[in-house]
There are 4 protein chains.
Amino acid sequence: MPRKAEDKEEKRNVILNGALEVFTRYGYDKTTLDDIGKVVGLNKASLYYYYKNKEEIFLATVLRESQREIALLQEKVKDIEDVSEKIITYFIERLQYYRQVLGLMSLSTESLRSLQPVFDNLYREMQQKEVSYIAGCLATLVQGDSHKAAGMLFAMADALKHKAVLESGAVLSAGADFSEVEQHLRYLIGLHLKGLQAN
Amino acid sequence: MPRKAEDKEEKRNVILNGALEVFTRYGYDKTTLDDIGKVVGLNKASLYYYYKNKEEIFLATVLRESQREIALLQEKVKDIEDVSEKIITYFIERLQYYRQVLGLMSLSTESLRSLQPVFDNLYREMQQKEVSYIAGCLATLVQGDSHKAAGMLFAMADALKHKAVLESGAVLSAGADFSEVEQHLRYLIGLHLKGLQAN
Amino acid sequence: MPRKAEDKEEKRNVILNGALEVFTRYGYDKTTLDDIGKVVGLNKASLYYYYKNKEEIFLATVLRESQREIALLQEKVKDIEDVSEKIITYFIERLQYYRQVLGLMSLSTESLRSLQPVFDNLYREMQQKEVSYIAGCLATLVQGDSHKAAGMLFAMADALKHKAVLESGAVLSAGADFSEVEQHLRYLIGLHLKGLQAN
Amino acid sequence: MPRKAEDKEEKRNVILNGALEVFTRYGYDKTTLDDIGKVVGLNKASLYYYYKNKEEIFLATVLRESQREIALLQEKVKDIEDVSEKIITYFIERLQYYRQVLGLMSLSTESLRSLQPVFDNLYREMQQKEVSYIAGCLATLVQGDSHKAAGMLFAMADALKHKAVLESGAVLSAGADFSEVEQHLRYLIGLHLKGLQAN
DNA sequence: AATGAATGAGACTTCATTCAT
DNA sequence: GATGAATGAAGTCTCATTCAT
C-alpha cells in the first residue's frame, strides 16, 4: 500500500474508533455526524471524505467489531479437544457477541429494516470466513462435504437467533431472551453432529 | 363517569395501545407522532386532543404498562408461602419487568435525561403502591414499622438496579447484565430480612 | 325583532365584550379562539355559530368600538360654539381614537394587509355617518354642497393619518408619531375652512 | 480576527439587518424564520448556522439596535453644557428609544414573559455602560460615589418606565403613554440632582 | 484533505376551521 | 344551540448531505 493510501486507511480506523464509542453510547439513530466528528476531531463534512455516508460508517464499525469478536471467539475455542463440544461452544458464544456488538447499538428493528440489504452483504462475507472455519473443525469428524455441513449449522443457528430476535419484539438488543435459544441450539447441533457422524 | 368522558378515556386507551406498539418497535426517539397516529387511525394533530405532547403519551404508556406488570407480578407471587422467598421472588421478577417495560423502548440515556424529572414523579407514585404491598407482606414477619422496612428494601433494590444500568453504559435496555444484580439482590434481601426478624 | 333573534344578538354582543378584552390584551394574531371562548364561557366551536370566523369577530369588535368612540367624540364636541374649532377638535380627537381602538390591538401591518379589503367596507360605512355629521356642522358655515366639503376634510385627515402610519413603519400602534400630524391637520383644516367661508 | 471569522460576523450582521426589517414590520410573533430568510437570501435552516434560534436572533437585533440608539443618544446630549439639563435630556430621550426599539416590535406581554429572563441579562449588560456614562457626567457635579448616584437615577427612570408599560396594559408598544412619565421623570431627576449638589 | 456554508426533509407543536351529534 | 372531535397548514428546529474553496 502506498504511503498516502495507508494514511487514509489509518484515519478511517480512527474514525471507526470514535464511531464505535458514540454509536454504543447513543445508538444509531440518536448519534449525529457531529457527535462522531467531535470525538474524532474532524469536521462533520470531513467524514464524507472517508466514508460515503452515515450508514457506511455504521456498517464499517459493525464489520470491524464483528471481525474482532470472531477472532476472539475462535481463539477461545481453540483448545477444546472434543469437536462436538468445540462447535457447540462456538455457536453459543457467538450468540453473546450479538448481544455485545449489535445489541449495544440499540438498533431499532425499523432502522434495521432499512439497513438490512447492506447488512446482508456484510454478513454473507463474514459468514464465508466463519463457515470455512467451522468446516475446518468438522473435517476430522465427518466425511463428505464438510463445507456444506458447516453451512447447515450456521443456517440453523441463524434461524434460531432470528426467531429469538423477532419474538423479542422491538429492539435488536440483549432484550431478546437467548437462554431458550441456547438450549435449542445445543440440542440441534448435537443432533446434527451425531447424524453427520452416523454417516 | 358520564358517557362522553368515558368515551374519551376509552380513546386515550386505544391511543396507548398503538403507542405501546410503536414505541416498543421503534423506541422513543425514532417513533414519530405520525407513526402513532397511523396505527390508531388518527391524524397526528388529533393526538394533541388527548395528550399534551409526545412525552406525555410516552409517560402514560409506561405508566399503564408498569401498573399492569406490577399487578401481574403480585399475582405471580401470591401463592408463595414463605415470606422471605415471596419477597425475594418479587424483587427478582421486578427486575425482569424493567427489561420488558423500559428496556424494550430502547431509550437512549440521552433521551432519558430529559425525561428524567417527569419519570421521577411517575416512579414515586408507583413505588408508594409497591411499598404498601411489600409492607403488607412483611407485616407478619417483623414488628415495628413494616412500611419503613419495605421502603428500605426498595431503596436497596433500586440502588442495585441503578448501578447495573449505569454500568451497562448507554442504553437502558436489557443490555444491562442483571444476573449479577440478581445474586446481590438475593443476598442483601435475605440478610435484611433476617436482621428484621432478629429484632 | 323576534325573541330568538334578539337573544342571539345579545350573545353576539357578549362575545364581542370578551373579544375586545383579549384582542386588546394579546393583539389580533396572538389571540386564539380558545382565548375568546374561555372569557365568554363558550366552546371554541360555538363561536362559529355566531360569527363566520375569527376575522369577522375582530371586525365586529372594531366596528362596535368605533361606533362607541365616535358617539363619544360627537358628544364631546357638541358644545363647542365656533364651528371651525369644533371641526378641528373633532378631527384631532379622532386621531386619538385610532390610538385606542386600533392601536391597542397591535395589528401588524401585515395582518392589516389581509384584513384590508373587509376593513375598507367597514370604513366606508362608518365614514358615511361621520361625513353626514360633519356636513351638518358645516351647513351653517358654507354654502354649496356641505356633504362634499365634509368628504374633502375626511380625505385630508385620512391622508395625513395614513402617512403617519406608513412612516411609523410597522405597527398600526400609537407608535406612529401623531404630534406632527396634529399640527398639519390643524393647519390644513383651518385653511380649508377659511377657503370654504370665502366662497 | 481571521478572514473567515470576519466573514461570518459580517453575515451575522446582514442577518440582523434583515431581521430588524421584518421584526419591525411584523412584530416578534408574526415574524417567521422564512420571512427573515427571504429578505436575507438564506434558507430558513441556514439561519441556524449563525444563530441558535429565533429568540437569539431577536435578542441580537434588539441588542445591536439598543447600542446604536444609545450611541446616538450620547452624541445628541454631548454639547449640552448644563449637567442637570444634559442628564434630564438624556433620560427623556432615552424614553423615546424604547418606543422605537422595543415598541416597534409589538411584543405582546405574553411573548415578553418568555423572553424576559434573557432580556434581563441583556439589559444588565447595557445598563452598566450607560451607568458609567452618566456617572461621568455627574462627576463634575457631585462629590462622593458618582457611580452609585448614577445607578439611582437609572433605577428611578426604569421604575417610572415600568409603571407606564404596565399601565398601558397589553403590548409593550408605544401605546404606553409616556408624556406623564416624562413629567415625573423631569421632576424627580431635577430633585435628585439638587439633592446631590446640596451634599 | 479539510471545512465553512447551505439546504431539503422531516420532526414536534399550535391553531383556525369543520362536522356530526 | 352547543360542543367534542378531527384535521391541514404553518411554524420552530434538527440533521444528513452536498459543494465550493
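Side chains are part of it too, since the values below use all heavy atoms of this structure and drop only hydrogens, waters and symmetry mates. So that the names make sense, note that chain A is the first sequence line, chain B the second, and so on, each numbered from 1.
- The phosphate of E/dT17 has neither OP1 nor OP2 within less than 4.0 Å of any side-chain N or O from C/K52.
- Using a 4.0 Å heavy-atom criterion, one finds that B/Y50 contacts the sugar-phosphate atoms exclusively.
- Side-chain contact between C/I36 and C/F23 is present, with heavy atoms from C-beta onward closer than 4.5 Å.
- In this structure, the CG atom of B/N43 is 14 Å from the C1' atom of F/dA10, given to the nearest Å.
- If you measure from atom CG of D/L47 to atom P of F/dG11, you get 14 Å, rounded to the nearest angstrom.
- Look at D/Y49 and you'll find a side-chain N or O under 4.0 angstrom from OP1 or OP2 of E/dA5.
- Across F/dT12, F/dT7, F/dT17, the shortest atom-to-atom separation from the side chain of D/K54 is found for F/dT12.
- If you check the side chains of D/D35 and D/T32, you find a donor sitting under 3.5 Å from an acceptor.
- In this structure, B/K30 is not positioned above the aromatic face of A/Y28 in the sense of NZ or CZ being under 6.0 Å from the six-membered ring centre and within 45° of the axis.
- Across all strands shown, E/dA11 forms a Watson-Crick or G-U wobble pair, both distances under 3.5 Å, with F/dT12.
- Heavy atoms of B/T32 sit under 4.0 angstrom from primed sugar atoms or phosphate atoms, though from no base atom.
- For D/A45, taking side-chain heavy atoms from C-beta onward, the closest of the listed nucleotides E/dT7, F/dG8, E/dA1 is E/dT7.
- Heavy atoms of C/K44 sit under 4.0 angstrom from at least one base atom.
- Using modelled atom types, one side-chain atom of D/Y51 and one backbone atom of D/R12 make a donor-acceptor pair closer than 3.5 Å.
- Atom CD1 in A/I15 sits roughly 11 Å away from atom P in E/dT3 (whole-Å rounding).
- Taking every side-chain heavy atom of A/K8 into account, E/dA1 is the closest of E/dA1, E/dT13, F/dT14.
- Of the two residues near DNA chain E, D/K11 and A/L42, the one whose nearest nucleotide lies more 5' is A/L42.
- Rounded to a whole Å, the OH atom of B/Y48 is 3 Å from the P atom of E/dT13.
- Judged by distance alone, with hydrogens and angles left aside, the side-chain atoms of B/T61 form no donor-acceptor pair with the main-chain N or O of B/L20 at under 3.5 Å.
- Atom NZ of A/K30 and atom P of F/dC15 are 7 Å apart (whole Å).
- A cation-pi contact, defined as under 6.0 Å to the ring centre and within 45° of the axis, links B/K8 to B/Y49.
- Across every strand in view, E/dA16 sits in a pair with F/dT7 that passes the Watson-Crick or G-U test at under 3.5 angstrom.
- Rounded to an integer number of Å, the gap from CG of A/L33 to C1' of E/dA2 is 15 Å.
- What separates CD1 of A/I36 from C1' of F/dT17 is a distance of 14 Å, to the nearest Å.
- Both A/G41 and C/D34 lie close to DNA chain E; mapped to their nearest nucleotides by heavy-atom distance, the more 5′-ward contact belongs to A/G41.
- Remark: P of F/dA20 and CG of D/D7 are 18 Å apart, rounded to the nearest angstrom.
- Within the nucleic acid shown, A/N53 comes within 4.0 Å of sugar-phosphate atoms alone, with no base atom in reach, counting heavy atoms only.
- No contact: B/Y51 has no heavy atom under 4.0 Å from any strand.
- For A/S46 and E/dT3, the shortest distance from a side-chain N or O to OP1 or OP2 is below 4.0 Å.
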